[in-house]
Amino acid sequence: MSEMLKVKRVVLHSRPGKNGQPAPENFHVEETSLSTDLKHGELLVRTLYLTVDPYMRCRMNEDTGTDYLLPWRLSECIDGGGIGIVESSKSEAFAEGDIVTSFNWRWQSHDVMDGSHLQKVDPRMVDGHLSYFLGAVGMPGLTALLGVREKGHVIPGANQTMVVSGAAGACGSLAGQMNKDGHVILCGQISQYNKDVPYPPPLCDETQEALRSKNITRERFMVLNYMDKHEKGLIQLSDWVKTGKIKVLETIMNGLENMGVAFCSMMTGGNIGKQIVKISD
């Protein structure tokens, strides 16, 4: 007979509407029971850290507006980037005590997960700061690094100017955009996520004329299109973090019950650097 574990989880209680501001009341914390009877290939994990990110605002709508993001379902557990520790395993690839991460980590205190959906990470890459895997040595760091490297047209010694439009955020605190006679990298636009407009939002005639007259081009960038460069990129980011070449900024809240508060705070600029929620030690 399998044991049942009491767990807390966060579900989507309501949608803010495509033109609405998200509120903590859109999220609801509830208790449920989790069977710890593992099947072959499964792991029991305890959640350590969860991330809240601007793209999640799109997942609060019935239609995310993209073909690579699925909407969160009402009354079902929310998921996103997370990191945790293996407490028991029936997978040959993972052992008790391993640190694992996923882009589809459910907002739960514990979970049973298929090992094929998890990636094992080495705490030495971040000098033990495990939350960095959700920020500077994770997807935001890769977005900053590859966005500049692949699309930034940065030339060493060319006396160029970089303008960071969201310099206090998880990605913007690590990278930027260019100015006159230059190039704008379009990657996320948090100020527009509470509006029912296409991405990128259409420009007014005056702005289009300014871009044309100043010879400024715009180009979209999505880090998921560069999966083949992720492994080397993470190694580079890890080295820069450990040697102090990158200063990591984080805003950390505590407790699963504060996931909704953390998300709404991040959406209104309440964070400096990566917004993280610590779930357990």
Side-chain angles (χ1 to χ4, degrees), residues 3-13 22-36 38 42-57 59-60 72 75-89 94-115 117-123 125-141 170 248-267 270-281:
E3 291 186 19
M4 301 301 289
L5 182 67
K6 292 283 188 183
V7 302
K8 287 184 177 180
R9 67 177 188 173
V10 181
V11 300
L12 184 65
H13 180 64
E25 292 72 30
N26 295 133
F27 305 88
H28 181 67
V29 179
E30 62 183 28
E31 286 196 354
T32 187
S33 295
L34 180 69
S35 171
T36 58
L38 302 179
E42 288 185 335
L43 319 168
L44 174 65
V45 297
R46 174 165 51 87
T47 305
L48 298 175
Y49 295 96
L50 295 171
T51 173
V52 290
D53 299 282
Y55 81 88
M56 292 175 171
R57 175 62 185 85
R59 300 192 69 189
M60 297 184 78
W72 289 332
S75 302
E76 291 191 6
C77 191
I78 291 170
D79 70 296
I83 192 160
I85 186 168
V86 177
E87 293 201 334
S88 59
S89 171
F94 300 93
E96 182 180 340
D98 282 348
I99 303 299
V100 291
T101 186
S102 171
F103 297 130
N104 302 110
W105 197 288
R106 284 189 283 264
W107 291 8
Q108 294 189 176
S109 52
H110 282 80
D111 203 357
V112 170
M113 304 177 76
D114 189 320
H117 300 154
L118 292 168
Q119 177 186 0
K120 183 158 60 176
V121 293
D122 185 350
M125 288 186 69
V126 291
D127 281 341
H129 298 283
L130 299 180
S131 58
Y132 289 6
F133 284 120
L134 302 177
V137 190
M139 195 58 71
V248 181
L249 302 174
E250 291 183 315
T251 299
I252 299 180
M253 284 193 186
N254 290 298
L256 197 69
E257 67 278 5
N258 284 317
M259 290 300 298
V261 174
F263 175 78
C264 295
S265 174
M266 176 274 303
M267 288 295 294
N271 60 302
I272 299 297
K274 185 76 189 75
Q275 178 68 65
I276 296 287
V277 180
K278 183 178 181 180
I279 308 302
S280 69
D281 293 316

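The figures that follow rest on heavy atoms only: side chains count, while hydrogens, waters and symmetry mates do not. On a predicted model such as this, the values are computed, not experimentally measured, just so you know. One-based numbering along the sequence shown.
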Inset, instruction - For Ser75 and Val11, run side chain to side chain contact (heavy atoms under 4.5 Å, CB included): C-alpha distance rounded to whole Å, both residues' side-chain angles, the deciding distance at 0.1 Å, then the answer. - result: CA-CA 5 Å; Ser75 302; Val11 300; 5.5 Å; no

Inset, instruction - Show your reasoning for whether side chain to side chain contact (heavy atoms under 4.5 Å, CB included) applies to Met4 and Ser35. - result: CA-CA 5 Å; Met4 301 301 289; Ser35 171; 3.9 Å; yes

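- Considering every non-hydrogen atom in both Leu118 and Ser102, the closest pair reads CD2-CB, 3.8 Å.
- For the residue pair Gln108 and His110, the shortest heavy atom distance occurs at NE2-O, 2.8 Å.
- The CE atom of Met267 sits 11.5 Å away from atom CE of Met56, with the distance rounded to the nearest 0.5 Å.
- The heavy-atom pair separating Cys264 from Phe27 by the smallest distance is SG-CE1, 4.5 Å.
- We find the CD-CD distance between Glu87 and Glu96 to be 7.5 Å, quoted to the nearest 0.5 Å.
- To the nearest 0.5 angstrom, Trp72 atom CH2 is 5.0 Å from Ile78 atom CD1.
- What you find for Pro140 and Gly135 is that their closest heavy atoms are CD-O, 3.5 Å.
- Judged purely by atom type and a 3.5 angstrom limit, Thr101 has no side-chain atom pairing as donor or acceptor with the backbone of Ile83.
- Interatomic distance, CG of Leu48 versus CH2 of Trp105, reported as 7.0 Å (0.5 Å rounding).
- Listed by first then second residue, pairs satisfying salt bridge (charged side-chain N to carboxylate O under 4.0 Å, His left out) with a partner in residues 76-86 read Arg59-Asp79, not counting sequence neighbours.
- Note: His13 and His28 have tilted aromatic rings, judged against thresholds of 30 and 60 degrees for the angle between ring planes.
- Atom-to-atom distance recorded for Ser109:OG and Arg9:CZ is 11.0 Å, nearest 0.5 angstrom.
- Of the possible polar contacts, none joining the Arg57 side chain to the Phe263 backbone as a donor-acceptor pair under 3.5 Å is found.
- For the atom pair OG1 of Thr51 and CZ of Phe133, the computed distance is 14.5 Å after rounding to the nearest 0.5 Å.
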Inset, instruction - With side chain to side chain contact (heavy atoms under 4.5 Å, CB included) as the test, would you mind laying out the steps for Ser88 and Thr36 before giving the verdict? - result: CA-CA 9 Å; Ser88 59; Thr36 58; over 6 Å; no

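- The backbone N or O of Val52 lies less than 3.5 Å from a partner atom in the side chain of Lys274, making a donor-acceptor pair.
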Which donor-acceptor pairs under 3.5 Å do side chains of residues 249-262 form with protein atoms, sequence neighbours excluded?
| unit_1 | atom_1 | unit_2 | atom_2 | d |
| --- | --- | --- | --- | --- |
| Glu250 | OE1 | Ser131 | OG | 3.3 |
| Glu250 | OE2 | Ser131 | OG | 2.6 |
| Thr251 | OG1 | Ile272 | N | 2.9 |
| Thr251 | OG1 | Ile272 | O | 3.0 |
| Asn258 | ND2 | Asn254 | O | 2.8 |

Inset, instruction - Go through the steps to decide whether Val137 and Val248 satisfy the test side chain to side chain contact (heavy atoms under 4.5 Å, CB included), and finish with yes or no. - result: CA-CA 10 Å; Val137 190; Val248 181; over 6 Å; no

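- In this structure Ala95 satisfies the side chain to side chain contact (heavy atoms under 4.5 Å, CB included) test together with Asp98, sequence neighbours excluded.
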